[in-house]
Protein chains: 2
Amino acid sequence: MENLDINKAAPLLKLLGDKTRLTMVKILDNHDCCVCEFVEIFKTSQSSVSQHLRKLRDLGLVQEERRGQWIFYSLQKESEYYSFIQQILNQLPSQDGKLKELEEQGLRITCC
Amino acid sequence: MENLDINKAAPLLKLLGDKTRLTMVKILDNHDCCVCEFVEIFKTSQSSVSQHLRKLRDLGLVQEERRGQWIFYSLQKESEYYSFIQQILNQLPSQDGKLKELEEQGLRITCC
DNA sequence: TGAATATATAAGCAAATCGTAATATACTTA
DNA sequence: TAAGTATATTACGATTTGCTTATATATTCA
């Protein structure tokens, strides 16, 4: 088991210590998502979603990739935090239901 | 592996997302400690240590026990968060060196 | 019992955080 | 190219956080 210095672990846990971001990361662990999907899922503003994703990206937890009109986010598997995070995500219940809801409403983006 | 609801996991991670508290919990995972030891370890005020411990106790992560003049804190192994936390602590480097320093300075409390 | 030690709590302040509203940028499509 | 859609950024206000200072409580010991 790799160790992560406390000076790095604490800010990481703080970042994940927000319900919205933690759910985002849990979802991204299984599916790429674009911003507008998160807006639907969390019933919040686009700005708020964008700012949360920025923080995740600033720490290198996620990466963005443009696909046409949309920008998709995915987990950065090469991150030094990746295996650490996995141990946490594995203990959280699946959030796939939230994506399933989107699909049923026809709001899931499946471009490209 | 037990699951922990996101509504509980997020505040827990937030609580652990502080370097002082995370280190405290890591230390407590192996050794009971009293407040004045933490004051030495973190080179901070007694009040600050006390307030951090209060937050950990409010969530049920630690418990206190008076031993004579001192109040010792230990991890609450019966906490619903305990196994979740273990997965995190296992990925952190040992902080025993900090206690060893105390011993060398003769500041480790070993009453009762 | 009085002084010293250990701990908890309350009040106040500066910094960080999170949401909203407004605006800017980039891409798509008619 | 103009309008519509998707996203990012900025500014701002309310709330939270963590520290310090001051004070209160509990225990020990001379």
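Note on naming: letters A, B, ... go to the chains in the order of the sequence lines (proteins, then strands), and numbering restarts at 1 for each one.
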Contact list (N/O, under 3.5 angstrom) for nucleotides 5-8 of chain C vs protein:
| unit_1 | atom_1 | unit_2 | atom_2 | d |
| --- | --- | --- | --- | --- |
| C:dT7 | OP1 | B:Val35 | N | 3.4 |
| C:dT7 | OP1 | B:Ile71 | N | 3.1 |
| C:dT7 | OP2 | B:Cys36 | N | 2.7 |
| C:dA8 | OP1 | B:Tyr73 | OH | 2.4 |
| C:dA8 | OP2 | B:Ser50 | OG | 2.8 |
| C:dA8 | N7 | B:Gln46 | NE2 | 2.7 |
| C:dA8 | N6 | B:Gln46 | OE1 | 3.2 |

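Between A:Thr44 and C:dT20, a side-chain N or O to OP1/OP2 separation shorter than 4.0 Å is present. Distances shown here put a side-chain N or O of A:Lys14 below 4.0 Å from the OP1 or OP2 atom of C:dT17. Note on A:Lys55: a side-chain N or O is less than 4.0 Å away from OP1 or OP2 of C:dC18. Taking side-chain N and O atoms only, B:Ser45 has a distance below 4.0 Å to OP1 or OP2 of D:dT20. Residue A:His52 places at least one side-chain N or O under 4.0 Å from the OP1 or OP2 atom of C:dG19.
Within the 4.5 Å cutoff, no side-chain heavy atoms of B:Gln76 are placed close to those of B:Leu61. In this structure, the side chains of A:Trp70 and A:Glu37 stay at 4.5 Å or more apart for every pair of heavy atoms. Contact annotation: the side chain of B:Gln95 never approaches that of B:Ile41 to less than 4.5 Å [non-hydrogen atoms, C-beta and beyond]. Using a 4.5 Å heavy-atom threshold, the side chains of A:Gln91 and B:Glu2 count as separate. Taking 4.5 Å as the limit, every side-chain heavy atom of B:Thr23 sits out of range of all side-chain heavy atoms of B:Phe38. You'll find the side chain of B:Val25 stays beyond 4.5 Å of the side chain of B:Asp29, heavy atoms only.
Within residues 15-28 of chain A, the residues approached by DNA chain C to less than 4.0 Å at the level of any non-hydrogen atom are A:Asp18, A:Arg21, in residue-number order.
Using a 3.5 Å distance cut-off with no hydrogens or angles, the side chains of B:Gln87 and B:Ser83 do not pair a donor with an acceptor.
Considering every non-hydrogen atom in both B:Lys26 and B:Leu92, the closest pair reads NZ-O, 3.0 Å.
Residue B:Asp58 contributes atom CG, which lies 12 Å from atom P of D:dT17 at whole-angstrom precision.
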